[in-house]
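Here's the structure we're looking at; comments come further down.
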Amino acid sequence: MELTRRTLFRIAGAASAGAAASALAPAAQAALRARPDAKGVLVDTTLCVGCRTCEAACAEANKLPEPERPGDDTIFETRRETGPDSFTVVNKSPKKSPSGDDRFGKKQCLHCIEPACASACAVNALEKTPDGPVTYKANRCLGCRYCMVACPFEIPKYEYAKTVPTVRKCTFCAERQKEGKPPACAENCPMGALTFGKRDELIEEAKKRIYQNPDKYVHRVYGEEEAGGTSWLYISDVPFESLALKTRVQNSSYPARVEGALSTVPWVMTLWPPLLAGLYTFTNRKDAVQSEEETHE
Amino acid sequence: MSSTAAVSRPANWQEWIRDHVFLGMSSRDYLKSLWTPADVIIGLILLAGIPVIIYRFVAGLGAVTNLDQTTPWGLWIGLDVASGVALAAGGYTVACTVYIFGQKKYSPIVRPAVLTGMLGYLLVVLGLLVDLGMPWHLPYPLFLHFGTTSVMFELAWCVALYFCVLIFEFLPAVLEWAGLRKVRLYLAKFTIGAIIAGVMLSTLHQSSLGSLFLLVPDKLHPLWYSPFLPFFFFLSSIAAGIGMVIFESSLSHKAFHDQIKKGRPVDLDGITVGLSKGGALVLFAYFFLKVQGVVAGGSWHLLGTKMGALFLTEMLGFILLPSLLFAFAAHFYKPGLARFAAILTVLGIVLNRINVSWLALNWDAPNRYVPSGYEILTSLTIIAIGVAAFRWIVNRMPVLVEHPDYKGIH
């Protein structure tokens, strides 16, 4: 095939069209960020008594089976993870508080400000809504489970037992929030350990409690920095890892780690075709000149 | 071209089918000819494996796999998908060498490399279909919902487009087989365009397969996690392509010896030794870059651990060693040694992809995943489908030898 200038233009044109399409990526990336007045929950673990009312309220609100062994403290003997049918679980800390009380950690989706799971989803089945919740649309999910691989907190769970399986996790009661109601767990906590509100204000509240009781609390708000910030925040008087919260996580955004690689896509699409076409013309011209010279000799 | 009269036209379609599909035999003789060890083994694997695949769709992933909540990706993703994509890289590697870099001496291996690539991607798609929870949603990222922040989205597009490119690149062989001369000659105009698109798409998705894991800095073992992951995956795909082409061509030249004897003689030893020069360079660069990854990650102290031993096995036994063997084979003209190095290279890339997507991912989880018998059987079935398709095509279409009517057309 002869490579004319027109073909070259055509290739370059196709490439830049593709590049323009992928230039949309950074804009979409910005959409991941939550609004400044997005909602959050502050968990003051020093107030939690491990009654697991939140588990029951969650199950009811999300039409899940009742939590196993309600009211039976032997459930705390093993550390539990969330599951396809249990969006929140309460674990007992092996460490007691300085005052000798039992401490508990409630686990559920933390609704990251820049969620790795949503950024990983090829079809936007998982989405960060501006109000805070990370929601899921099963009707478009491929079931590739990259969200599960991506989540640093290991929250999305899969229905392996089902023929038509979906990803399952806490939705931050997005539907209830639309109606102006707080999440079921926060509404039903009898100890006031879960405060629902604007995330910015909750961080202030958390820090106020730490400043006012500097000898009591760990000097850190879990979720302020974790994974670049999460909607759910925790304060505690025992180390966070003993509350079964993941501490081996980055203090920066996860999607940002992939931005660099994704932003090279338009470059490769724009530069490769003309580069390769040029190389092709060069080698072919060399061959043509060589064979011409040979025939002249 | 010399003569168009040379194109023989069969009298009727029954005859055409007998000549082109049943290799000139009656259907009874054809069935008898399938009674060979290779065909019987493939047949047995399919007989056992296809019901398992059906069962997987009836009963769900949990019924056949050992996947769990901490290990959502297992053998199918590690072997059939991640390794499959890398091992199918021979298509773009050889096409680029011959058409773009003008290394015409490798042109006899373009078609088998493109065929291996095309079937490789077919296996990748089959692997994905069994692994995806809702495979009927597979067209969504292409046509309906665009998750532009996802590397998986980019992968879906590139793999889909590149699969089309590979089919297009292989189309000439199909058209020559079908005797559609005019279409065949018309399509030749687009060869270079297709090859350029193929190299571009391969650069993108081979590296993206590595970029997938940029998102898991805490879960992937530090010896494998690196910001260079996309470069590791791209560079190693070239090595995998070269290794696969050497391995596949030496197998083909034994298995299809009778067919090749009839064609124009091909200097396979020369080609193998030439390729091993490229293999040595690429593998060495890859080895060096991986060392840089360890330096940049500050993970020297982890080399003494159990995972470190796995890493060193991969690095020394399956990257550095084949690199040196390739160099030795190229320098002293040892095609046999080059073939051994090619096998090591291919195994090394499979080991790497399995390490990154499975063994080194969540390496410290309390319960480690081990694939179930059903998973292994399904993977074998998918590979068997590929081998069967390769044999079926090579026995009929001009892949290993040129079609006498189309000499010198590219």
query: Do A:Arg168 and A:Tyr136 meet the cation-pi criteria used here (NZ or CZ under 6.0 Å from the six-membered ring centre, within 45° of the axis)?
result: no
message: With a 6.0 Å cut-off (strictly less than), is the heavy-atom count around CH2 of B:Trp363, excluding the residue itself, greater than 12?
response: yes
task: For A:Lys169 and A:Thr82, test the side chains for any donor-to-acceptor distance below 3.5 angstrom and give the result as yes or no.
output: no
field: Structural part of B:Thr71 lying under 4.5 Å from a heavy atom of chain A
entry: backbone
message: Under 4.0 Å between a side-chain nitrogen and a carboxylate oxygen: does that hold for A:Arg80 and A:Glu55?
response: yes
- line: Most heavy-atom pairs under 4.5 Å with chain A, out of B:Gly102, B:Ala197, B:Gly210, B:Pro141, belong to B:Pro141
- line: Comparing A:Met148, A:Gln250, A:Arg248 against chain B, the one with the most heavy-atom pairs below 4.5 Å turns out to be A:Arg248
- request: Against chain A, work out which of B:Ser207, B:Gly62, B:Pro72 has the most heavy-atom pairs shorter than 4.5 Å and name it.
  value: B:Pro72
field: Which of B:Thr70, B:Asp68, B:Val151 touches chain A most, by non-hydrogen pairs under 4.5 Å
entry: B:Asp68
- prompt: Which atoms of B:Pro135 come close to chain A, meaning under 4.5 Å heavy atom to heavy atom: side chain ones, backbone ones, both, or neither?
  reply: backbone
field: Which atoms of B:Trp157 approach chain A - backbone, side chain, both or neither, heavy atom under 4.5 Å
entry: neither
field: Atom group of B:Leu201 that falls short of 4.5 Å from chain A, counting heavy atoms
entry: neither
- prompt: So, B:Tyr369 versus B:Glu375: side-chain donor-acceptor pair below 3.5 Å or not?
  reply: yes
message: Can you tell me which portion of B:Phe146 sits under 4.5 Å from chain A's heavy atoms? Options are side chain, backbone, both or neither.
response: backbone
- prompt: So, A:Glu154 and A:Lys107, do they make that salt bridge, N to O below 4.0 Å?
  reply: no
- prompt: Measuring heavy-atom distances to chain A, does B:Ala156 have an atom under 4.5 Å in its side chain, in its backbone, in both, or in neither?
  reply: neither
- request: Please flag which part of B:Asn362 lies under 4.5 Å from any non-hydrogen atom of chain A: side chain, backbone, both or neither.
  value: side chain
- prompt: For the candidates B:Thr65, B:Val58, B:Leu212, B:Ile77, which exhibits the highest count of non-hydrogen atom pairs separated by less than 4.5 Å from chain A?
  reply: B:Leu212
statement: Cut-off 4.5 Å, heavy atoms of chain A, and the answer for B:Val199 is both
query: Does any donor atom in the side chain of A:Ser93 or A:Ser242 lie under 3.5 Å from an acceptor atom in the other side chain?
result: yes
query: Non-hydrogen atoms of chain B under 4.5 Å away: do they reach the side chain of A:Lys162, the backbone, both or neither?
result: backbone
query: Given the options A:Cys141, A:Ala161, A:Pro152, A:Ala261, which has more heavy-atom pairs under 4.5 Å with chain B than any of the others?
result: A:Cys141
task: Kindly say whether B:Leu155 contributes a backbone atom to a donor-acceptor pair with the side chain of B:His205 at under 3.5 angstrom?
output: no
message: Quick check on the interface: out of A:Leu279, A:Thr264, A:Leu275, A:Thr166, who has the most heavy-atom pairs with chain B under 4.5 Å?
response: A:Leu279
- prompt: Most heavy-atom pairs under 4.5 angstrom with chain A, which of B:Val216, B:Leu144, B:Asp131, B:Leu138?
  reply: B:Asp131
message: Looking at A:Phe240, I'd like to know if its CZ atom is crowded, meaning that more than 12 non-hydrogen atoms belonging to other residues, nucleotides or ligands lie closer than 6.0 Å.
response: yes
task: Just say parallel, tilted or perpendicular for the rings of A:Tyr234 and A:Tyr222, cut-offs at 30° and 60°.
output: perpendicular
message: Please enumerate all residues that pass ring-ring contact (aromatic ring centres under 6.0 Å, His included) together with B:Tyr374, with sequence neighbours excluded.
response: none
- prompt: Who wins among A:Val249, A:Asn139, A:Val164 for the most heavy-atom pairs under 4.5 Å with chain B?
  reply: A:Asn139
message: Report which part of B:Gln69 has an atom under 4.5 Å of a heavy atom belonging to chain A: side chain, backbone, both, or neither.
response: both
message: List the residues meeting ring-ring contact (aromatic ring centres under 6.0 Å, His included) with B:Phe57, not counting sequence neighbours, and say none if there are none.
response: none
statement: Of the listed B:Ile100, B:Leu214, B:Leu61, the one with the largest count of heavy-atom pairs under 4.5 Å with chain A is B:Ile100
task: List the steps, then state whether side-chain contact (heavy atoms from CB on, under 4.5 Å) holds for A:Phe153 with A:Lys246.
output: CA-CA 6 Å; A:Phe153 304 102; A:Lys246 284 251 177 240; 4.0 Å; yes
- line: Honestly, the part of A:Cys144 sitting under 4.5 Å from a heavy atom of chain B is both
task: For each of A:Ala125, A:Cys121, A:Pro156, A:Ala138, tally heavy-atom pairs with chain B at distances under 4.5 Å, and name the one with the top tally.
output: A:Cys121
